[in-house]
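Everything below concerns the one structure shown next.
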There are 2 protein chains.
Amino acid sequence: MLIYDCEPAPNPRRVRLYLAEKGIDVPYRQIDLFKGEQLGEAFRQVNPMCTVPYLVLDDGTGIGETMAICRYFEALQPQPALFGTTPLEQARVEMWSRVMELNGLFAVGEVFRNTAPGFKDRGWPGPVNLAQIPALAERGRVRVAQFYRDLEARLEQTPFLAGADFSVADITGFTAIEFAGWVQLGIPAANVNTQRWFDAIAARAPVRAHPLRL
Amino acid sequence: MLIYDCEPAPNPRRVRLYLAEKGIDVPYRQIDLFKGEQLGEAFRQVNPMCTVPYLVLDDGTGIGETMAICRYFEALQPQPALFGTTPLEQARVEMWSRVMELNGLFAVGEVFRNTAPGFKDRGWPGPVNLAQIPALAERGRVRVAQFYRDLEARLEQTPFLAGADFSVADITGFTAIEFAGWVQLGIPAANVNTQRWFDAIAARAPVRAHPLRL
């Protein structure tokens with residue numbers, strides 16, 4: 001078993017933090033997204049969609065998409081449960097995971113991918129080159145501001161996003177905020193509950209064992 | 001229990017087709033996205049994120065996000081399994097669901113939301129108005145073309161997206177293609193396997209019982 005990874009990138013990092021929380025060790029192989037290695041012939045043979053993280057099982061079966069990889073391991077080893085246990089918990093984890101992705105991670109991605117010089121033609125992941133759209137970066141900034149408002153409102157009510165327990169939704173939210181730091185969109189000073197929650201996650205042993213290295 | 005719905009819209013439709021496949025009846029209440037009803041004070045009191053589908057349980061608990069609603073019902077009533085059963089099946093369903101969403105449904109959404117006159121300030125769902133970006137509509141068209149290529153390559157290999165069995169990934173892919181029809185981006189003639197798969201889904205009794213009404 002092997003995971004194709006790009007250590008600093010937010011989606012591979014979600015898988016790495018998830019596996020650390022589960023106590024599961026999988027070997028990684030680095031693919032340098034910053035140099036376009038995912039678009040090279042060698043990696044296209046592995047994953048024609050040119051994305052990481054990408055899990056390859058011992059029989060050669062490939063699994064792409066961050067949450068698909070996490071769910072594979074969740075089904076293999078259900079404890080500690082990071083996708084909820086009861087139907088309502090499972091729904092809440094999925095709901096807040098989606099909100100963190102769509103309104104957090106993707107909104108930051110709109111800013112980063114449409115402004116970073118090294119991502120000039122990488123407006124969206126995958127094999128097709130897509131030009132940067134400055135207006136989309138601006139839209140991303142507006143969306144990130146709204147994301148922080150919604151996040152603070154939620155974390156005024158609950159210790160973790162899905163309720164009392166830490167889950168993958170928190171991993172995604174945490175990773176989105178780290179990523180927001182890349183484009184100088186850190187947690188606003190008014191977001192005291194967001195900061196409390198972020199600091200609590202940063203202090204977890206599995207997260208401390210995997211510091212973000214840019 | 002009640003689902004806030006907007007019958008023709010693709011995300012509410014995914015929930016409706018999912019529940020039809022499961023044989024679960026839930027009452028619906030229509031929210032007219034085409035008239036901006038999701039932004040009105042009455043619906044904001046229900047869901048401050050201003051999105052449908054939105055499930056409200058009998059105790060008042062609200063669950064947003066399409067896949068969170070489906071997963072709630074999947075946990076309550078596992079059969080017939082539409083999210084896979086074994087770890088590998090579960091991973092494949094999640095993987096192909098994501099590909100259908102990110103590269104299909106969202107790409108079509110980029111075209112539709114950034115061109116439709118009635119969605120002038122609705123570049124992304126939610127409470128914040130976001131201006132249309134013509135370049136994003138164009139990017140969406142490029143992405144939809146790539147989506148069709150990837151979809152055909154996958155469906156050359158398997159009867160359904162995740163493998164031998166119908167799953168929520170197929171519901172999302174089917175709905176994305178219906179939605180693509182709204183912007184005249186129907187299945188290309190060369191996509192013979194895509195057409196075979198689409199027709200097979202359209203012929204399923206639960207799908208026939210819920211025709212798309214625009």
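Letters go in sequence order (proteins before strands), and every chain restarts at 1. We use all heavy atoms of the structure for the numbers below, so side chains are in, but hydrogens, waters and symmetry mates are not.
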### Part of A/T61 lying under 4.5 Å from any heavy atom of chain B
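Interface part for A/T61: side chain.
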### Message
Less than 4.5 Å to any heavy atom of chain B: does that hold for the side chain of A/F106, its backbone, both, or neither?
### Response
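The answer is the side chain of A/F106.
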### Query
Looking at A/M67, A/E74, A/Q90, which one has more heavy-atom pairs under 4.5 Å with chain B than the rest?
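Option with the greatest count: A/M67.
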### Electrostatic pair B/R71-A/E89, nearest N-O below 4.0 angstrom
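A/E89 and B/R71: not salt-bridged.
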### Task
Name the option with the most non-hydrogen atom pairs under 4.5 Å to chain A; the candidates are B/V142, B/V93, B/L88.
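It is B/L88.
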### Top contributor to chain A contacts, counting heavy-atom pairs under 4.5 Å, from B/Q146, B/R139, B/E138
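Among the listed options, the one with the most contacts to chain A is B/R139.
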### Query
Just checking heavy atoms, which of residues 45-57 of chain A are less than 4.5 Å from chain B?
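A/M49, A/L57, listed by number.
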### Those residues of residues 180-189 of chain A, ordered by number, that approach chain B below 4.5 Å (heavy atom to heavy atom)
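Residues of residues 180-189 of chain A touching chain B at under 4.5 Å: none.
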#### Entry: Closest approach of A/W124 to B/L102 (non-hydrogen atoms, all atoms of both residues)
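Heavy atoms only, the tightest pair is CZ2-O, 3.9 Å.
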### Query
If you take all heavy atoms of B/A91 and A/A68, which pair is closest and at what distance?
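Residues B/A91 and A/A68, closest heavy atoms: O-CB, 3.4 Å.
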Indicate every side-chain donor-acceptor pair of residues 126-137 of chain B with a distance under 3.5 Å to a residue at least two apart or in another chain.
unit_1, atom_1, unit_2, atom_2, d
B/N129, OD1, B/R122, NH1, 2.7
B/Q132, NE2, B/R113, O, 2.9
B/Q132, NE2, B/A116, O, 2.8
B/Q132, NE2, B/F119, O, 3.2

### Message
Assess the residue pair B/R92 and A/E65 against the criterion (salt bridge (Lys or Arg N to Asp or Glu O under 4.0 Å)); give the C-alpha distance rounded to whole Å, side-chain angles, the decisive distance to 0.1 Å, and a yes or no.
### Response
CA-CA 10 Å; B/R92 281 187 165 142; A/E65 297 299 326; over 6 Å; no
### Message
If you count heavy atoms of other groups shown closer than 6.0 angstrom to CG of A/D59, is the number above 12?
### Response
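Buried by this count: over 12 neighbours within 6.0 Å.
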### Task
Decide if atom CZ of B/R29 counts as having more than 12 heavy atoms of other residues, nucleotides or ligands within a radius under 6.0 Å.
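No, CZ of B/R29 has 12 or fewer neighbouring heavy atoms, counting only those of other groups under 6.0 Å.
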#### Entry: Residues that B/Q38 engages under side chain to side chain donor-acceptor pair (under 3.5 Å), provided they are two or more places apart
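B/Q38 satisfies side chain to side chain donor-acceptor pair (under 3.5 Å) with no residue once adjacent residues are dropped.
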